[in-house]
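Structure record follows, encoded as structure tokens.
Values reported hereafter were calculated over all heavy atoms of this structure, with side chains retained and with hydrogens, waters and symmetry mates removed.
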Amino acid sequence: MSTVTTENQIDYPESDGKPMGETDLHRNWMIRILQIFEQRYAKQQVYIAGDLLVYYLEGTPSRFIVPDCFVVLDHSPGLRRTFQTWKEKRVPDVVFEVTSRGTSSVDIIDKPVIYEKMGVKEYFLYDPTADYLEPPLQGYRMNDGCLSEIPRRADRLHCQTLGVDLFLREHDLVIVDSKTGEEQLTKADRLDQEHAARLAAEARLQEVEAELKRLKERNGG
């Protein structure tokens, strides 16, 4: 197992030895949420990571947590091997957890306590199967030193820190910009949309050209 060693020779492992996700579905959603925010904050001073060890107590390598995805605003986006809060002088602003059978109790009971002590501003849990959370999308916001449940508005949860709203479309998580209502997509999603729009425009052009040709033939041209 590789480690990060500080000047006083304390090792901070880069892996907790656990798999990234319990199922393909949960792993895919972890990656998708990460990529959505990577696209939203592309080329900005925002650090986004997923499945990275976050150490929150200097000198104690046993004190770490591994968020499925977290965002740190106004922070260098460079690559890290681990995230050590005393070196970064920051903690995650917003954390997202994709809840599964193996992580539900940890996500609901253990992690909120740690995130609260760390000072995480907002914490969201999403269960893509709707088997382990009720409701399957939940959010918590720091209020007077405690993470309190975020009230729902029209079945949506508002993330103040990132300026987005979260809701479910059937079982799928949807993230939209709170001001514009624009759905936040991954880079691959946007490329697919552009490709589909290009194909539609080409097909429409062919239809117009065919219609013009028919009109010309009808008029004896």
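Under the 4.5 Å side-chain heavy-atom criterion for grouping Ile, Leu, Val, Met, Phe, Trp and Tyr, Tyr115 is not connected to Leu53 through any hydrophobic cluster. Cluster annotation: Ile114 and Val95 are assigned to the same hydrophobic cluster (Ile/Leu/Val/Met/Phe/Trp/Tyr, side-chain heavy-atom contacts under 4.5 Å, transitive). A continuous path of Ile, Leu, Val, Met, Phe, Trp and Tyr side chains, each step under 4.5 Å between heavy atoms, connects Ile65 with Ile109, placing both in one hydrophobic cluster. In the hydrophobic clustering of this structure, Val54 groups with Leu125; members are Ile, Leu, Val, Met, Phe, Trp, Tyr whose side-chain heavy atoms approach within less than 4.5 Å, directly or through other members. Connection of Tyr126 to Leu133 is not established within any shared hydrophobic cluster, with ILVMFWY side chains joined at heavy-atom distances below 4.5 Å, either directly or through further cluster members.
Partners of Tyr123 by side-chain hydrogen bond (donor to acceptor under 3.5 Å, both in side chains), not counting sequence neighbours: none found. For Glu88, the salt bridge (Lys or Arg N to Asp or Glu O under 4.0 Å) partners two or more places apart in sequence, or in a different chain, are Arg80. Residues passing the salt bridge (Lys or Arg N to Asp or Glu O under 4.0 Å) test with Glu182 are Arg190, sequence neighbours excluded. Remark: Leu34 pairs with Glu38, Ile48, Cys69 by the side-chain contact (heavy atoms from CB on, under 4.5 Å) rule, at least two apart or across chains. Applying the side-chain hydrogen bond (donor to acceptor under 3.5 Å, both in side chains) rule to Ser62 yields no partners; only residues at least two apart in sequence or on another chain are considered. Listed by chain and residue number, Thr23, Trp29, Pro128, Thr129 satisfy the side-chain contact (heavy atoms from CB on, under 4.5 Å) test with Leu25 (two or more places apart in sequence, or in another chain). Under the side-chain contact (heavy atoms from CB on, under 4.5 Å) criterion, Thr186 pairs with Arg32, Gln35, Ile36, Ala188, Asp189, sequence neighbours left out. Every residue meeting the side-chain contact (heavy atoms from CB on, under 4.5 Å) condition with Leu157, not counting sequence neighbours, appears here in chain and number order: Phe124, Leu137, Ile150, Arg152.
Applying the ring pair (Phe, Tyr, Trp, His ring centres under 6.0 Å) rule to pairs touching residues 42-66 yields Tyr12-Tyr55, Tyr47-Phe70, Tyr47-Phe83, Tyr55-Phe64, sequence neighbours excluded. The salt bridge (charged side-chain N to carboxylate O under 4.0 Å, His left out) pairs that include a residue from residues 120-144 are Asp93-Lys121, Glu122-Arg141, where partners are two or more places apart or lie in different chains.
Using a 4.5 Å cut-off on side-chain heavy atoms (C-beta onward), Leu73 and Leu162 make contact. Residues Val46 and Pro77 are not in side-chain contact: their nearest non-hydrogen atoms beyond the backbone lie 4.5 Å or more apart. Under the 4.5 Å side-chain criterion, counting only non-hydrogen atoms from C-beta, Val176 is in contact with Arg156. In this structure, Val98 and Phe96 have side chains that are not in contact, with every pair of non-hydrogen atoms separated by 4.5 Å or more.
Alongside Leu79, the hydrophobic cluster contains no other residue (criterion: ILVMFWY side chains under 4.5 Å).
Within the model, atoms OG1 of Thr103 and NE2 of His26 stand 6.5 Å from one another, a figure rounded to the nearest 0.5 Å. Note that CD1 of Ile175 is 6.0 Å distant from CD1 of Ile33, once rounded to the nearest 0.5 Å. The line from OG1 of Thr99 to CG of Asp68 is 7.5 Å long, rounded to the nearest 0.5 Å.
Remark: the backbone N or O of Cys146 is not paired with any side-chain donor or acceptor of Asn143 at under 3.5 angstrom. A donor-acceptor contact shorter than 3.5 Å links the side chain of Lys111 to the backbone of Val66. Within the 3.5 Å criterion, the main-chain N or O of Leu147 finds a donor-acceptor partner in the side chain of Glu116.
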What side-chain donor-acceptor pairs closer than 3.5 Å can you find for residues 164-174, not counting sequence neighbours?
from   : atom 1 : to     : atom 2 : distance (Å)
Asp165 : OD1    : His158 : ND1    : 2.8
Asp165 : OD1    : Ser178 : OG     : 3.1
Arg169 : NH2    : Glu183 : OE1    : 3.2

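Nearest approach of Pro135 to Gln138, heavy atoms of both residues: O-NE2, 3.1 Å. Nearest approach of Asp11 to Pro13, heavy atoms of both residues: O-CD, 3.5 Å.
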(Q) Show, in sequence, the C-alpha distance, side-chain angles and deciding distance for Arg40 and Asp177, and conclude whether the salt bridge (charged side-chain N to carboxylate O under 4.0 Å, His left out) test is met. (A) CA-CA 9 Å; Arg40 177 175 173 82; Asp177 185 275; 3.1 Å; yes

